[in-house]
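Note that these values count all heavy atoms, side chains included, but never hydrogens, waters or copies made by symmetry. All of these numbers come straight from a predicted model, not from anything done at the bench.
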Amino acid sequence: MDGVDRRRVLKAAAWSAPVIAIAVAAPAAAASTSPDFVSEFAIDAYTLSDLRQNGERGPLEWAGGHIGWWYSPSGTAAVTVVYTAVLRLPDGTSQTLVPSTVVALGVSSQIAIPKIVWGTAPIPAGTYTVTFSATVDGHAGLIDVSTLTIS
């Protein structure tokens with residue numbers, strides 16, 4: 001492609017929603033072939049909403065989304081991603097929405113995280129928070145927090 005960076009094309013095609021992104025250290029195999037190797041990893045901005053039914057609070061829906069991995073220059077390295085999502089309830093207790101999951105992502109790839117519906121109407125009033133966290137090859141730092149207060 002004349003004058004168009006392949007990585008930018010992949011990003012534009014893969015993401016239609018806002019994302020949270022960080023740069024992470026390159027895998028050792030890739031770093032050995034390119035000292036200035038830079039990688040990018042992103043997650044969609046997830047949302048939490050109240051699916052009120054018949055005027056009663058709840059259930060809640062966490063929208064799910066995607067985790068994506070790109071790097072330049074092109075190569076064959078993959079990364080290991082570990083992710084989880086936890087819902088904190090108004091009473092301070094927690095519920096696991098997505099158990100700790102390990103996946104390998106190849107070059108310029110993404111995986112889908114399905115939406116989750118939690119609870120049945122009516123649910124208690126208060127603040128609900130979903131914390132989605134991920135590590136990439138052991139580098140922590142991807143966190144998306146969705147908070148919803150319902151009365």
Side-chain angles (χ1 to χ4, degrees), residues 1 4-27 30 37-72 74-151:
M1 289 188 216
V4 178
D5 181 352
R6 179 175 171 260
R7 181 171 49 101
R8 289 181 193 208
V9 171
L10 286 170
K11 282 185 189 179
W15 304 104
S16 60
V19 297
I20 296 170
I22 63 168
V24 295
F37 178 91
V38 174
S39 63
E40 294 182 28
F41 185 82
I43 61 175
D44 284 332
Y46 296 81
T47 59
L48 184 62
S49 56
D50 181 0
L51 301 176
R52 287 190 186 244
Q53 296 179 352
N54 301 321
E56 295 182 330
R57 297 178 301 269
L60 299 180
E61 179 183 85
W62 181 65
H66 296 87
I67 298 175
W69 155 249
W70 308 269
Y71 72 86
S72 177
S74 295
T76 58
V79 293
T80 300
V81 180
V82 180
Y83 63 90
T84 189
V86 176
L87 172 66
R88 185 165 185 94
L89 305 174
D91 66 4
T93 61
S94 297
Q95 297 272 321
T96 300
L97 296 180
V98 177
S100 184
T101 304
V102 179
V103 295
L105 288 180
V107 178
S108 299
S109 62
Q110 66 178 348
I111 58 168
I113 312 287
K115 73 178 178 181
I116 305 288
V117 175
W118 178 88
T120 55
I123 61 172
T127 300
Y128 294 81
T129 303
V130 173
T131 302
F132 178 84
S133 59
T135 62
V136 183
D137 280 344
H139 295 70
L142 286 176
I143 298 177
D144 182 71
V145 178
S146 303
T147 300
L148 177 67
T149 300
I150 52 178
S151 52

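- Annotation: the span from Asp144 atom CG to Trp62 atom CH2 amounts to 8.0 Å, rounded to 0.5 Å.
- Put simply, CD on Glu61 and CG on Leu51 are 5.0 Å apart, with the number rounded to the nearest 0.5 Å.
- For Gly58 against Ala121, the heavy-atom pair with the smallest separation is O-CB, 3.4 Å.
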One pair to check against side-chain contact (heavy atoms from CB on, under 4.5 Å): Val130 and Val145. What are the steps and the verdict? CA-CA 6 Å; Val130 173; Val145 178; over 6 Å; no
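- Shown here for Ala134 and Tyr83, the closest heavy-atom pair between the two residues is CB-CB, 4.0 Å.
- The only member of Leu89, Ile116, Val86 that meets side-chain contact (heavy atoms from CB on, under 4.5 Å) when paired with Gln95 is Leu89.
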The test is side-chain hydrogen bond (donor to acceptor under 3.5 Å, both in side chains); show your working for Thr127 and Thr149 and say whether it passes. CA-CA 4 Å; Thr127 300; Thr149 300; 2.9 Å; yes
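- Summarising the geometry, atom CD1 belonging to Ile113 is positioned 4.5 Å from atom CZ belonging to Phe132; distances are rounded to the nearest 0.5 Å.
- Here the shortest heavy-atom pairing between Thr84 and Ser100 reads OG1-N, 3.7 Å.
- Under the 3.5 Å distance criterion, the side-chain polar atoms of Arg57 are matched with a main-chain donor or acceptor of Ile123.
- Closest heavy-atom contact between Leu48 and Tyr128: CD2-O, 3.5 Å.
- With hydrogens and angles ignored, the 3.5 Å screen pairs a side-chain donor or acceptor of Asp50 with a backbone N or O of Arg52.
- Note that CG of Leu87 and OG of Ser146 are 10.5 Å apart. Values are rounded to the nearest 0.5 Å.
- Summarising the geometry of Gly68 relative to Gln110, their closest heavy-atom pair is CA-CB, 3.9 Å, with the distance given to 0.1 Å.
- A 4.5 Å side-chain heavy-atom check between Leu60 and Val117 finds every atom pair outside the cut-off.
- Residues Val98 and Thr101 come closest through the heavy atom pair CG1-OG1, 4.1 Å.
- Atom CD of Glu56 sits about 9.5 Å away from atom OG1 of Thr120, to the nearest 0.5 Å.
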